[in-house]
Amino acid sequence: MLDINIVRQNPDDVIAMLHRRQMGGEAGKVKELLDLDRSRKEMVQRADDLKATRNRVSREIADIKRTGQGSADELIRQMKSVSDQISELDADLAKLETVMEELLLGLPNMLHHSVPEGRTAEDNMLYKGPVEFTHDLDFPVTNHLELGKSLGILDFERGAKISGAGFPVYIGKGARLERALINFMLDMHTEHHGYTEVFPPFLVNQESLRGTGQWPKFADQVYHICEDGLYAIPTAEVPVTNLHRGEMLDPAALPIAYVAYSACFRREAGSYGKDTRGFLRVHQFNKVEMVRFTRPEASYEALEEILSNAEAILRALKIPYRVITLCGGDISANAAKCYDIEVWSPAENKYLEASSVSNFEDYQARRSNIRFKPDGKSKPEFVHTLNGSGLATSRLMVSLLEHYQTADGKIVIPEALRPYTGFDLIG
RNA sequence: GGAGAGGUCGCAUAGUUGGUCUAGUGCGCUCGCCUGGAAAGCGGGUAGGGUGUAACAGCCCUCGAGGGUUCGAAUCCCUCCCUCUCCGCCA
């Protein structure tokens, strides 16, 4: 959520941001918000004055009742009318504030000045790489689906039987490989990158979704357990960022860095027919997610660190990748700046997004009310929140299987992973 | 799932026949006095949001959350959330 003060003081900046995001059509919301804001102030003023009167006179009535001197009937009669006016004003005010809140929640985050201009994914800028590693693939490559099937380590058909399309099953060495990847990544981030491990709930309430910005905008992409009012998390970002929702953080504790494994659930409504093969788009996948809470002035340095933490995994596994900076038209509404890490798929002959590393600045912190007091006594400030996948195993698995395949259809396990798999070859 | 108890300003507590509660007290923290220095003692301060102001002040809201009754609610009523105890079921 944007600070209403930014809208008040720099409405033109907000409108410029909407244009950079290819959302110029939303510009009218800014003026609407300003108008509502003015009436709100005026109404608050009137309501507060009436409340002050009521409080003062109520004390007079109390005095009269206590001392038994005189009658309070006339005052009570007057206050009855005042109270009615207050109720009416408060009700109007509540309605108006709901509208303002919805408008404000609907506005995307301000963009960092370094975010490239552009309309679509075509306009994203290469930031790092491509980083290549030598693999001998001087034979016709097989795609991950066929490899998984022929080796008996992935079963999409049975997954479809027991749950539906897009729920892969890992079997035997495939299951072990998946677990090895997760453990390897968690160990790397906790032992070498300074993160504290968190194992979060996979079901959250609506307030948590709202806090990180998945609600209400992406409501249709989240699995909902109606009976209990719970939602399956689309990413560990949701429970982990919400760990500190509504808290005043100890400034000495900043920056806070968490890493969490979670299964991730996404309905992917409306995206059928696009990159749906095998692991390219699934409803449930595994991801290790890094989340940081920082002081505002430290967040862009932290963004680069998270990026390099994620890169370290790919470097250790020797998987080719590149990093791109998302342009204004492609970046998500919550983020002020975002890098995508893409891994190379030899069979698809293209890069696949395996990680998204974002700085939300105070956008999520304001929604979820996560603050700290800079020097212990001044006004509280919102922290900056960031996160980055490190990484999602589904796309990583695609790239790993395809890169490490042999001419006779086996998979060589990357050296760094062998302590975790306990074997060095599948097939 | 059933029965009961409870959620108060960092912590602990007072406050439940509605009105000196604009929430008292203790601890903690902090500032000052005192001291050669410290302890003790004494005195002051000790949340967040809104509005307002040049900045203060002032005013409004918040006693788990949200409604309701009332001129007036920490206090009465309703709904929900959470914690604890007991019972049942259970990985």
Side-chain angles (χ1 to χ4, degrees), chain A residues 1-9 33-105 199-211 215 225-231 239 242-254 263 362-383:
Chain A
M1 179 162 66
L2 285 185
D3 186 350
I4 184 71
N5 285 313
I6 292 180
V7 184
R8 279 179 195 147
Q9 291 157 20
L33 209 43
L34 286 173
D35 289 343
L36 288 172
D37 186 48
R38 269 189 291 273
S39 2
R40 190 193 78 94
K41 278 197 184 189
E42 194 243 336
M43 285 165 76
V44 163
Q45 203 57 60
R46 270 195 291 152
D48 281 2
D49 284 348
L50 287 171
K51 284 174 184 172
T53 303
R54 183 177 67 183
N55 288 342
R56 182 171 47 75
V57 176
S58 281
R59 259 168 281 161
E60 287 173 21
I61 292 172
D63 280 339
I64 291 170
K65 294 269 187 189
R66 195 172 49 252
T67 59
Q69 292 180 346
S71 165
D73 294 351
E74 174 58 20
L75 288 178
I76 289 176
R77 205 180 53 75
Q78 287 174 13
M79 285 311 101
K80 195 170 172 53
S81 136
V82 168
S83 272
D84 288 346
Q85 292 179 56
I86 290 172
S87 304
E88 210 173 306
L89 262 176
D90 274 350
D92 290 348
L93 205 49
K95 265 185 247 165
L96 188 142
E97 284 180 339
T98 304
V99 175
M100 280 185 71
E101 169 108 356
E102 290 305 315
L103 275 175
L104 209 50
L105 283 174
F199 203 123
F202 293 176
L203 297 180
V204 296
N205 56 34
Q206 196 180 98
E207 288 69 42
S208 295
L209 286 180
R210 199 173 265 273
W215 194 274
I225 289 105
C226 298
E227 203 168 15
D228 300 290
L230 293 170
Y231 301 82
N242 276 282
L243 277 179
H244 294 300
R245 169 153 53 88
E247 292 185 13
M248 189 75 72
L249 300 177
D250 175 4
L254 296 175
D362 64 4
Y363 192 84
Q364 290 182 330
R366 180 170 287 106
R367 290 175 87 111
S368 29
N369 198 24
I370 305 171
R371 298 170 296 171
F372 74 107
K373 288 190 188 176
D375 55 12
K377 58 180 172 183
S378 59
K379 281 255 168 198
E381 277 185 41
F382 290 105
V383 296

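Since the structure is predicted, the reported quantities are computational estimates derived from the model, not experimental observations. Residue numbering restarts at 1 for every chain, and letters A, B, ... go by the order of the sequence lines. Computed from heavy atoms alone, side chains included, the values below leave out hydrogens, waters and symmetry copies.
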Chemist: What integer number of Å spans the C1' atoms of C90(B) and G68(B)?
Modeler: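 Per the computed distance, 40 Å lies between those C1' atoms.
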Chemist: Please report the distance separating the P of U46(B) from the corresponding atom of A40(B), rounded so that it comes out in whole Å.
Modeler: 22 Å
Chemist: Check whether any side-chain N or O of Lys80(A) sits under 4.0 Å from OP1 or OP2 of C71(B), and answer yes or no.
Modeler: yes
Chemist: Between G66(B) and C11(B), how far is it from one C1' atom to the other, in whole Å?
Modeler: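 Their C1' atoms lie roughly 28 Å apart.
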Chemist: So Ile61(A), base contact, sugar-phosphate only, or nothing? Heavy-atom distance under 4.0 Å.
Modeler: base
Chemist: Would you kindly compare Met248(A) and Arg77(A) by the position of their nearest RNA chain B nucleotide and give the one closer to the 5′ end?
Modeler: Met248(A)
Chemist: May I ask you to say what Arg371(A) touches in the nucleic acid, namely base, sugar-phosphate or nothing, with a heavy-atom cut-off under 4.0 Å?
Modeler: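 If one applies the 4.0 Å heavy-atom cut-off, Arg371(A) turns out to touch the sugar-phosphate alone, with no base involved.
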Chemist: Report the base-pairing partner of A73(B) (Watson-Crick or G-U wobble, both distances below 3.5 angstrom), or none.
Modeler: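 Base-paired to nothing in any strand shown.
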Chemist: Grab the CE-P distance between Met79(A) and U69(B) for me, whole Å please.
Modeler: 18 Å
Chemist: Quick one: is C60(B) close enough that its OP1 or OP2 comes under 4.0 Å of any side-chain N or O from Asn55(A)?
Modeler: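 So the side chain of Asn55(A) is within the cut-off, an N or O lying under 4.0 Å from OP1 or OP2 of C60(B).
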Chemist: What is the separation between atom CZ on Arg56(A) and atom C1' on C71(B), rounded to the nearest whole Å?
Modeler: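 The answer, rounded to whole Å, is 13 Å.
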Chemist: More 5' along RNA chain B: Lys65(A) or Asp49(A), using each one's nearest nucleotide?
Modeler: Lys65(A)
Chemist: Could you check which of G48(B), G19(B), C59(B) has an atom nearest any side-chain atom of Ala62(A)?
Modeler: G19(B)
Chemist: Distance only, no hydrogens: is a donor on one side chain within 3.5 Å (strictly under) of an acceptor on the other, for Ser208(A) and Asn205(A)?
Modeler: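 Side chains of Ser208(A) and Asn205(A): pair found under 3.5 Å.
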Chemist: Mind checking who A65(B) pairs with, Watson-Crick or G-U wobble, both distances under 3.5 Å?
Modeler: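 Across all strands, the one nucleotide that pairs with A65(B) is U79(B).
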Chemist: Could you walk me through whether Leu104(A) and Val7(A) pass side chain to side chain contact (heavy atoms under 4.5 Å, CB included), step by step?
Modeler: CA-CA 9 Å; Leu104(A) 209 50; Val7(A) 184; 4.2 Å; yes
Chemist: Please measure how far the P atom in A3(B) lies from the corresponding atom in C80(B), and state the result in whole Å.
Modeler: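 It works out to 13 Å between them.
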Chemist: Thinking salt bridges, do Glu60(A) and Arg56(A) make one under a 4.0 Å N-O criterion?
Modeler: yes
Chemist: How many whole angstroms separate atom CZ of Arg46(A) from atom P of G52(B)?
Modeler: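 From Arg46(A) CZ to G52(B) P: 14 Å.
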Chemist: For G1(B), what is the paired nucleotide under Watson-Crick or G-U wobble rules, both distances under 3.5 Å?
Modeler: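 For G1(B), the partner nucleotide comes out as C87(B), under the 3.5 Å rule.
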Chemist: In whole angstrom, give me the gap between the P atoms of A73(B) and U22(B).
Modeler: 11 Å
Chemist: Expressed in angstrom and rounded to an integer, what is the separation of Glu247(A) atom CD from G10(B) atom P?
Modeler: 14 Å
Chemist: As a test of reading the structure: which of C60(B), A47(B), U51(B) is closest to the side chain of Lys373(A), going by heavy atoms?
Modeler: A47(B)
Chemist: Does A12(B) pair with anything, Watson-Crick or G-U wobble, both distances under 3.5 Å, and if so, with which nucleotide?
Modeler: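 By the stated definition (distances under 3.5 Å), U25(B) pairs with A12(B).
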Chemist: Should Asp49(A) and Arg46(A) count as an ion pair when the cut-off is N to O under 4.0 Å?
Modeler: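 Salt bridge: no.
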Chemist: Mind checking who A54(B) pairs with, Watson-Crick or G-U wobble, both distances under 3.5 Å?
Modeler: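 Base-paired to nothing in any strand shown.
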Chemist: Only pairs with both distances under 3.5 Å count, Watson-Crick or wobble alike; so what is the partner of C34(B) in this structure?
Modeler: none
Chemist: So Arg40(A), base contact, sugar-phosphate only, or nothing? Heavy-atom distance under 4.0 Å.
Modeler: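 Answer is sugar-phosphate: Arg40(A) comes under 4.0 Å of backbone atoms only.
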Chemist: Counting side-chain heavy atoms from CB outward, which of G49(B), C71(B), C59(B) is closest to Ala52(A)?
Modeler: C59(B)
Chemist: Donor-acceptor pair under 3.5 Å: do we get one between Asp48(A)'s side chain and the base of G50(B)?
Modeler: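 Indeed, a donor on one side and an acceptor on the other fall under 3.5 Å apart.
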Chemist: Using the C1' atom as the point on both nucleotides, what is the distance between G37(B) and G49(B), in whole Å?
Modeler: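 My reading of the C1' atoms in G49(B) and G37(B) gives 44 Å.
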Chemist: Heavy atoms only, 4.0 Å cut-off, all strands: where does Lys51(A) land among base, sugar-phosphate and nothing?
Modeler: sugar-phosphate
Chemist: With distance as the sole test, does Ser81(A) use its side chain to make a donor-acceptor pair with the main-chain N or O of Arg77(A) at under 3.5 Å?
Modeler: no
Chemist: Side-chain N or O of Lys41(A) less than 4.0 angstrom from OP1 or OP2 on G52(B)?
Modeler: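 Answer yes for this pair, as a side-chain N or O of Lys41(A) is under 4.0 Å from OP1 or OP2.
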Chemist: When you measure from the side chain of Arg367(A) to the backbone of Arg210(A), do you find a donor-acceptor pair of N or O atoms at a distance under 3.5 Å?
Modeler: yes
Chemist: Quote, to the nearest angstrom, the P distance that separates A55(B) from G64(B).
Modeler: 35 Å
Chemist: Counting only side-chain N and O atoms of Ser83(A), is one of them less than 4.0 Å from OP1 or OP2 of U70(B)?
Modeler: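 For U70(B), OP1/OP2 do not have a side-chain N/O of Ser83(A) under 4.0 Å.
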Chemist: Could you measure between the two C1' atoms, the one in G7(B) and the one in A65(B), and give it in whole Å?
Modeler: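 It comes out at 12 Å once rounded to the nearest Å.
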Chemist: List the atom of Asp90(A), the atom of Ala47(A), and the distance in Å for their closest heavy-atom pair.
Modeler: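 Between these two residues, the closest heavy atoms are OD1-CB, 4.1 Å.
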Chemist: Nearest whole angstrom, please: distance from the P of C61(B) to the CG of Asp90(A).
Modeler: 9 Å
